[in-house]
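Contents: one structure, followed by commentary.
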Amino acid sequence: DFAVPLTNGARRWLGIVAYLLPGVPGAIAWTVADVTAQRELNQAAREELSRLADFFDHAPVGLFSVDNQGRFRLVNDVLARWLEQDPERMVNDGRMLAEFVAPAEGAGPASLPPSWSDSWEGEVRLVAPSGTSRPILISQATATDRNGLPTYTRGVARDLSEERMLQERLRRTQEALLRFFDVAPVGIVMVDATGDVVETNPAFRAMTNMAEDAALTFLDLIAQQDRERVRSLMSRARAGEPDMLPLEVRLAAGGANPRITQLHVRGPGEGDEGDLIVYIVDQTEQKNLELQFAQSQDRKSTRLNSSHGY
């Protein structure tokens, strides 16, 4: 094929074929055909194949196909890199998927499919020759021949390593928050939109003598004379009022000697359905000390006055 430039700047591709004429010594027949359209089709096909190959090799997942014996027919660069292998050699050497697969952590051999030529989805560990392993979710479907017999699979392998790390970080964060919640020296309670107690920590239950599984409203735990002020504070918090000052309130528990507390209310966060977080600081001991000090000062003042009067 060779190109012929046209006056408009374009090119026309001509295909020339020469062949000897039988029975005519020295005679050569030449044919010339316009192959421009065919070349354009071929170029478009090559570009499409190049894009598909790029997608196959650099997709963010492992892509593969194995035959009915479990040997690799195709494997992309991503999966080959996980397995520390050359993808072309894996296919040419007849490597088996089963060589690199182990049961998922905590699972036994029965968790693997009986044959890698079957349609299957599940979690496994891929183990490279260096011993490096990673959790992988494999999904594969089987292609069959006209008799319904399996011929090859089309599979996707998704690396779960990052997801597992995020889950572990989340688990540790949740454990740390729960420890903080449980050992905090102040009472912490979650109150829903109806006023019911949803969650409490041990310090709050100790202050209120509340059983862990008790079904109470928050106001039930507040002394009668302080309930209206607490109700007003909670309404303002739900309305989104910022920087509210704490209240000094008495708890219902304790009878004639109720606990004196400082109550802080935090409004619902974004996406919450009206739940409030209430922090309660027990100030009973401090108030008793303040009272004792005031009484001591009064006694001193009385003695001084008495001595002056004398």
Side-chain angles (χ1 to χ4, degrees), residues 41-179 271:
L41 287 173
N42 291 343
Q43 180 63 25
R46 282 194 295 271
E47 291 175 355
E48 184 64 24
L49 285 173
S50 177
R51 285 192 291 270
L52 288 173
D54 181 74
F55 170 79
F56 181 77
D57 280 332
H58 302 105
V61 292
L63 301 174
F64 67 94
S65 174
V66 298
D67 64 18
N68 56 12
Q69 300 300 313
R71 294 184 294 258
F72 283 107
R73 297 174 64 249
L74 292 170
V75 57
N76 74 342
D77 287 351
V78 171
L79 181 56
R81 185 171 65 251
W82 293 344
L83 298 176
E84 302 170 359
Q85 302 292 313
D86 176 81
E88 188 173 345
R89 290 193 61 181
M90 290 179 72
V91 174
N92 294 339
D93 294 349
R95 302 297 295 272
M96 310 278 286
L97 176 58
E99 296 176 42
F100 304 98
V101 174
E105 188 173 352
S111 65
L112 300 177
S115 169
W116 284 109
S117 62
D118 296 337
S119 294
W120 186 77
E121 178 173 292
E123 185 179 332
V124 301
R125 283 187 301 118
L126 286 187
V127 184
S130 66
T132 302
S133 70
R134 62 184 73 217
I136 297 289
L137 179 65
I138 286 183
S139 302
Q140 67 176 23
T142 301
T144 57
D145 61 20
R146 65 182 61 187
N147 297 317
L149 299 175
T151 54
Y152 62 89
T153 68
R154 298 170 291 252
V156 177
R158 183 165 68 88
D159 188 356
L160 301 177
S161 301
E162 186 172 348
E163 184 177 320
R164 291 287 186 269
M165 285 191 294
L166 289 174
Q167 289 175 343
E168 178 62 18
R169 289 175 189 167
L170 178 60
R171 184 188 65 79
R172 290 180 181 179
T173 300
Q174 289 174 330
E175 286 183 353
L177 288 173
L178 286 173
R179 284 198 301 272

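- By the 6.0 Å contact criterion, CD on Q167 is enclosed, its count of non-hydrogen atoms from other residues, nucleotides or ligands being greater than 12.
- The side-chain heavy atoms of V75 and V91, taken from C-beta on, include a pair separated by under 4.5 Å.
- Annotation: the span from L74 atom CG to R154 atom CZ amounts to 11.5 Å, rounded to 0.5 Å.
- Counting non-hydrogen atoms of other residues, nucleotides and ligands closer than 6.0 Å to CZ of R73 gives a total above 12.
- Counting only heavy atoms from C-beta outward, the side chains of R164 and E168 never approach each other to under 4.5 Å.
- Interatomic distance, R125 CZ to S161 OG, rounded to the nearest 0.5 Å: 11.5 Å.
- More than 12 heavy atoms of other residues, nucleotides or ligands shown are found within 6.0 angstrom of CD on E175.
- The environment of R171 atom CZ is dense: over 12 non-hydrogen atoms of other residues, nucleotides or ligands sit within 6.0 angstrom.
- Taking the salt bridge (charged side-chain N to carboxylate O under 4.0 Å, His left out) definition, one finds that E163 meets it with R158, sequence neighbours left out.
- Distance CG/L97 to CZ/F64: 5.5 Å, rounded to 0.5 Å.
- By the neighbour-count criterion of 12 heavy atoms within 6.0 Å, atom CD of E88 is sparsely surrounded, having that number or fewer from other residues, nucleotides or ligands.
- Separating the CD atom in E121 from the CG atom in L137 is a distance of 5.0 Å, to the nearest 0.5 Å.
- How far CD of Q140 is from OH of Y152: 13.0 Å, rounded to the nearest 0.5 Å.
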